Amino acid sequence: MLSAKLKKNIQFQYMKKIKINDKVRNIAIIAHVDHGKTTLVDFMLRQSGIFRENQDVSDRVMDNMDLEKERGVTISAKNCAARWKDVRINILDTPGHADFGGEVERAIKMVDGAVLLVDAAEGPLPQTRFVLQKALESGLKIIVLINKIDRKDARPKEVLNDVYELFIDLDAKDEQIDFPVIYSVGREGIAQNSINEKGKDLSILFDTIISEIPGPSYEPDEPFQMLVCDLDYSDYVGRLAVGRVFNGQVSKNDNLICIKENGAFTPLKTTKLQVYDGISIKEVASAEAGDIVILAGIEDVSIGDTICNKENPKALKRIEVDEPTISMMFTINSSPLSGTEGSVVQSRKILERLKKETLQNVAIRVEEIPGSDNFIVKGRGEFQMEILIEMMRREDFELSVGRPRVIFKQKDGKTLEPIEHLFIDCAESNIGIVMEKLSVRKGKMLNMVNHGTGRVRLEFTVPTRALIGYRSEFLTDTRGTGIMNSYVQDYEQYRGDFALRTTGSLVSDRDGKAVPYALYNLEPRGILFVSPNDPVYEGMIIGDNNRDNDLNVNPCREKKLSNMRAAGKDDNVVLTPVQPMTLERALTFIKDDELIEITPKSIRLRKTVLSATERNRHSSVKA
């Protein structure tokens, strides 16, 4: 046993070796979705002098993907840098949606502290808990920023108490609970130390970051070590490796090696060394410990790899992310309309694109099924899958995907399934329908809070498979006023079967084009998905049957012509307008024996087996 004096001496010697780079601060902006992270980063960049006074800058400048601008959510973590009082502040804007938790986990590896945004009215929500838990586990220093205090329904004091309770519930250390609190109005770019005072700008936030967030620590005797936390690509210099320098220094044209997951060494030589400057990047001659750098000209590198000196290689701890909970089958488009709307249809190209996604998104995993054109893609949730499919669609891919399936586990001969903690905010009049729908889906109610404002907050534990497709139904039940959020809590014993869809499908029995006369006569059978002159083929799903069985129908049937005339014989056919098929709606609708056909121009539903004869044979064999 070591004496107390010896322990203290060893600790002192160790502390002497650790140095701090006080010229740099690395922070992540973390919060629940729509609590104002990207808007805050916009004003931080503007007020730090990154942009010229007359420069035209768009709102939410960090959300540079088309899908992010359209949906109003951050999908991938982004890096930028601001300068304040001769200190460079590297800022990582992270996603707030739980499905993109892998982006948060890899971003946290690059920083020493985090600014936790909490909405002054909504308070801590499920993703607030998720991102804060990851930050606390990494030992980050936290600054709490209560945003949107100008809202009419703001309750900053109660929200602050909720934040303290959340820290305690997550077993935060004493020094982590002793966090500084700032109040802000993100859309006006102001921050203040108390609720009553009126802030002028974000200088209080910048000063707090510099004083409270520690600079990056490093050991001066250690060789160069960099952890790759992100990958990008440039048409001019090839693949870019983004990561933080943990120890040592690096210069342009240094001879380096990459330590792979299996421990193998790969020699590297960088052609460019860059750092972030605002939302752009600039080339530098060298970088030191604590810097977030971009190495160009590196081909064979993956997220989690360590890049270090050739003479003294030492691996850093790899990035670890939570296990995926959802899987989907991706395959080629094998319908008769294959290749008519997209240019990329080969299974090899689809696999290459999926593998490319795994390089940049640590939460996505791809498995090949031997002897087939099918691939199993695993991820965090259906929204993450939906974004991946939409990105491939915009890249001119044609493919087919199956229904999202939950990944089960086996333990002691029992089947375990992922259980989510579900939070619902809805009007009092909607409590009955919400509780009824969730009880059918094996949900268990935990808590109900009524603030006396006409709205209530409900908490449930519910299987992940029960929430697949429930969001759109929930919005319909609450007339668009309900708010639903959840996070994966744990794996529990399988809660039993339940029916997700009680209707069948209207299936076309032949190839051709939909005819108004035929569609008019099919409308009493159910809700149609096709319009006149839309191409159809055998096995294509053209509508939702009112009954629980599938029905083969003829959407190409034309009116029989004759010489006889009668009153009303030539009346115009008036059809009910067809609601456009969206990817979210399609994922909600399909059953296990159905696929979604995705092309750059269309989203169609189809049976896995197109031939009606083959489907009948399969059903008779099962019976």
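Values below: all heavy atoms of this structure, side chains included; hydrogens, waters and symmetry mates excluded. All values reported here derive from a predicted model rather than from experimental measurement.
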For [Y], is there any backbone N or O sitting under 3.5 Å from a side-chain donor or acceptor partner on [X]?
{"X": "R585", "Y": "Q579", "answer": "yes"}
{"X": "N545", "Y": "N549", "answer": "yes"}
{"X": "S338", "Y": "N333", "answer": "yes"}
{"X": "R606", "Y": "M540", "answer": "no"}
{"X": "E420", "Y": "S486", "answer": "no"}
{"X": "D305", "Y": "S302", "answer": "yes"}
{"X": "R547", "Y": "G504", "answer": "no"}
{"X": "S439", "Y": "E436", "answer": "yes"}
{"X": "T476", "Y": "S472", "answer": "yes"}

Answer yes when [X] and [Y] have at least one side-chain N-carboxylate O distance shorter than 4.0 Å, and no when they do not.
{"X": "R380", "Y": "E323", "value": "no"}
{"X": "R403", "Y": "E594", "value": "no"}
{"X": "R495", "Y": "E417", "value": "no"}
{"X": "E352", "Y": "K355", "value": "no"}
{"X": "R615", "Y": "D550", "value": "no"}
{"X": "K513", "Y": "D534", "value": "no"}

In terms of heavy-atom contacts, does [atom1] of [X] have more than 12 from other residues, nucleotides or ligands at under 6.0 Å?
{"X": "D412", "atom1": "CG", "answer": "no"}
{"X": "L475", "atom1": "CG", "answer": "yes"}
{"X": "R187", "atom1": "CZ", "answer": "no"}
{"X": "M329", "atom1": "CE", "answer": "yes"}
{"X": "E558", "atom1": "CD", "answer": "no"}
{"X": "K349", "atom1": "NZ", "answer": "no"}
{"X": "R405", "atom1": "CZ", "answer": "no"}

Is there a side-chain contact between [X] and [Y], using heavy atoms and a 4.5 Å cut-off?
{"X": "I376", "Y": "K378", "answer": "yes"}
{"X": "E428", "Y": "R455", "answer": "no"}
{"X": "T481", "Y": "C426", "answer": "no"}
{"X": "V434", "Y": "T478", "answer": "yes"}
{"X": "T358", "Y": "R365", "answer": "no"}
{"X": "P535", "Y": "R604", "answer": "yes"}
{"X": "K444", "Y": "F460", "answer": "no"}
{"X": "R525", "Y": "L506", "answer": "yes"}

Exercise: do [X] and [Y] side chains pair donor with acceptor under 3.5 Å:
{"X": "N485", "Y": "H32", "result": "yes"}
{"X": "Q410", "Y": "T415", "result": "yes"}
{"X": "E597", "Y": "S400", "result": "no"}
{"X": "S343", "Y": "D396", "result": "yes"}

Do you know the tightest heavy-atom contact between [X] and [Y]?
{"X": "P418", "Y": "V488", "result": "CB-CG1, 4.4 Å"}
{"X": "L595", "Y": "I590", "result": "O-CG2, 4.2 Å"}
{"X": "I541", "Y": "S505", "result": "CG2-CB, 3.9 Å"}
{"X": "V41", "Y": "C80", "result": "CG1-SG, 3.9 Å"}
{"X": "P532", "Y": "L575", "result": "CG-CD1, 3.5 Å"}
{"X": "R557", "Y": "Y517", "result": "O-CD2, 3.8 Å"}

Cation-aromatic face contact K409/Y491, 6.0 Å, 45 degrees: yes
Spacing of [X] atom [atom1] and [Y] atom [atom2] [to the nearest 0.5 Å]:
{"X": "L551", "Y": "N546", "atom1": "CG", "atom2": "CG", "value": "10.5 Å"}
{"X": "L446", "Y": "E459", "atom1": "CG", "atom2": "CD", "value": "6.5 Å"}
{"X": "E368", "Y": "D373", "atom1": "CD", "atom2": "CG", "value": "10.5 Å"}
{"X": "L587", "Y": "I389", "atom1": "CG", "atom2": "CD1", "value": "5.5 Å"}

Intermediate values then yes/no, side-chain contact (heavy atoms from CB on, under 4.5 Å), V553 and I542: CA-CA 9 Å; V553 297; I542 65 162; 3.6 Å; yes
Listed partners of T599 passing side chain to side chain donor-acceptor pair (under 3.5 Å), at least two apart: E341
Qualifying ring pair (Phe, Tyr, Trp, His ring centres under 6.0 Å) pairs, either residue in residues 589-609, two or more places apart: F529-F589
Summary of ring pair (Phe, Tyr, Trp, His ring centres under 6.0 Å) pairs that have at least one residue in residues 400-440, sequence neighbours excluded: F408-Y494, H421-F423, H421-Y487
Test side-chain contact (heavy atoms from CB on, under 4.5 Å) applied to K442 and V462, step by step: CA-CA 6 Å; K442 306 297 182 183; V462 63; over 6 Å; no
Side chain to side chain contact (heavy atoms under 4.5 Å, CB included) partner of D230, the single match among L240, L92, V242: V242
Candidate list I350, I332, V345, V344, test side chain to side chain contact (heavy atoms under 4.5 Å, CB included), partner L399, passing option: I350
